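Down below is the structure, laid out as structure tokens.
The structure presented is a predicted model; accordingly, all values stated were derived computationally and were not measured. Letters go in sequence order (proteins before strands), and every chain restarts at 1.
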Amino acid sequence: MLNIALPKGRLGDRVYEMLKAAGYPCPALEHPDRRLVFENKEAGVRYFWVKPSDVTIYVERGAADLGIAGKDILLENRPALYELLDLKTGICRMAVAGPPSFQDSRDRVLRVATKFPKIAGDYYAARSRNVELIKLNGSIELAPVLGLSDVIVDIVETGTTLRENGLAVVDTVCPISARLVANPASYRFRREEILKLQESLAAQIPE
Amino acid sequence: MDRYQLTQEEKLRFELRSLYRAHGYRPFRMSKFEKYELYAGYKDFLVSDRVITFQDTNGELMALKPDVTLSIVKNARYTPGEKEKYCYHETVYRPTGSAGLFGEILQSGLECIGDLDVGDEHEVLCLADRTLAAISVESVLSFSHLGILHSLIGLLQPESGTRSRLLALVANRNAHELKALFLENGWDLRLLEDIRELLSLDCEICEMESILAKYAWVSKEVIREFSGLKALFGESCPRIRFDFSVMNDTRYYNGIVFQGYVRGVAEKVLSGGRYDALLTRMGKQGGAIGFALYMSLIESFFLSGEGEKDA
């Protein structure tokens, strides 16, 4: 039985549909109740719903053999996992955003608010830019509006939230999408099962 | 209950000590702390660059030992044609778990340092395999050879950032981003196919010579090394398997590298390889190969009852 950690929410629903089409359905999971664990012995899968940012922890610690994690979580937490597929769903981008009038000036430290200090830190380190990283846990768009930061580094899907808060994308840091990740120990001891699922799921990835 | 009954972890410890001693490895005991300067110069060799430090009564900055290998290498003396063989069972101090708080980590292992040949590599690989087998019948020793990656990097000539990205993608089995990297850099896509093929392999050490001979870009020296290992291992060694994603820091490791896994433990329980490059960086002659077994993980494995199933 393969244990698979799915991220709660729309992304998890979309990926479950792909897994179902790939031959790994779980009817119990399609009738929502308060349970978090669902299994289909015939298909050889057990799914868990977990908080999206916790998926990699479940897989890294071996509670799940496989998981679906956003690239943002993988880049920020750098877990020791295998990244087997880009599922090309949950597509968005990590971007730098600021007020439309924002002009970077190298003669001062740039104040950057973000939920992703490692990703933002790497981005600016590659540009030899001296920054002050301000770690926030939500409502990042507020930071430049209230003068807490000059810019933000955050996930941008449609850009609507940015526009509604008077912000615009300054630069794209990297594209983001959902990835199939595997625990390295599971990959060794359940190789055939994992490769079979990987191959079937790859056939469901949109062109 | 017999009050003198040994725990599984204690039995394993005795079994390994006698196994290593039978192959000429002498116990290496060391102090719990070292001068901090030993670690300051080789922080990227350590699992974590965070070290517990304190000031000695003479004002010298000391560190609670975060690693064993550096202390052994520091004390090794090179004599042409000779080798020094040490085994250890020590506690190291470094950040653990997702919270990254400092913890005590019990480690066993061995190091072989000096004028090494393929026979020494064979011996250390066999001892790593037998170490895993002493823990569980369901174990695997995955190996790769950094010479394969060095050959590839020699052809592609990536600049430093791209090189790190390439290595990380191979280590993460990330074939989709490897393709993007090849396209970005205008590299020959036939080499990408070779990497993908190597990543898909799951074969024994005795098959490596003939497999690698198919790739014209792989160094002949690496192929010769596997030819030597094949002669020593014979035709079958099913628990020692090639895995191209196995990697160690290429600034210190330069040849065969390996990781051990036991069914029921979520992470590698053993890690090692050939690290001549560390000796060179420490201004020493000769070669070195060794491995560490993470006893804390094994202890939890035994306590979980998983080990009992094998017994």
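- The two residues B/Ala266 and A/Asn183 have their closest heavy-atom pair at O-ND2, 3.1 Å.
- Contacts between B/Val246 and chain A at a heavy-atom distance below 4.5 Å involve the side chain alone, from C-beta outward.
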Walk me through whether A/Glu60 and B/Glu267 qualify under side-chain contact (heavy atoms from CB on, under 4.5 Å). CA-CA 8 Å; A/Glu60 200 175 18; B/Glu267 53 191 298; over 6 Å; no
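- Other residues, nucleotides and ligands contribute more than 12 heavy atoms inside 6.0 Å of the CD atom of B/Glu184.
- In terms of the salt bridge (Lys or Arg N to Asp or Glu O under 4.0 Å) criterion, residue partners of A/Asp104 (sequence neighbours excluded) are, by chain and number, A/Arg129.
- Counting only distance, with no hydrogens or angles, the side chain of A/Arg188 and the backbone of B/Val140 share no donor-acceptor pair below 3.5 Å.
- The 12-atom threshold is exceeded at CD of B/Glu193, counting heavy atoms of other residues, nucleotides or ligands nearer than 6.0 Å.
- Using a 4.5 Å cut-off between heavy atoms, B/Val265 touches chain A through its backbone atoms (N, CA, C, O) alone.
- Only the backbone of B/Ala171 has a heavy atom closer than 4.5 Å to any heavy atom of chain A.
- Closest non-hydrogen pair, A/Phe189 versus B/Tyr261, comes out as CZ-O, 3.6 Å.
- No more than 12 heavy atoms of other residues, nucleotides or ligands lie within 6.0 Å of CZ in B/Arg190, so this atom counts as exposed by the packing criterion.
- Heavy atoms from other residues, nucleotides or ligands lying under 6.0 Å from CZ of A/Arg10 number 12 at most.
- Contact annotation for B/Ser245: only side-chain heavy atoms (C-beta onward) come within less than 4.5 Å of a heavy atom of chain A.
- With contacts defined as side-chain heavy-atom distances shorter than 4.5 Å, the pair B/Glu177/A/Lys71 qualifies.
- Looking at B/Asp243, the atoms closer than 4.5 Å to chain A (heavy atoms on both sides) all sit in the side chain, from C-beta outward.
- Remark: A/Lys135 NZ is packed, more than 12 non-hydrogen atoms of other residues, nucleotides or ligands lying under 6.0 Å away.
- The contact list for residues 78-94 of chain A toward chain B, using heavy atoms and a distance under 4.5 Å, reads A/Leu81, A/Tyr82, A/Glu83, A/Leu84, A/Leu85, A/Asp86 by residue number.
- Annotation for A/Arg14: atom CZ counts as buried by contact number, over 12 foreign heavy atoms lying within 6.0 Å.
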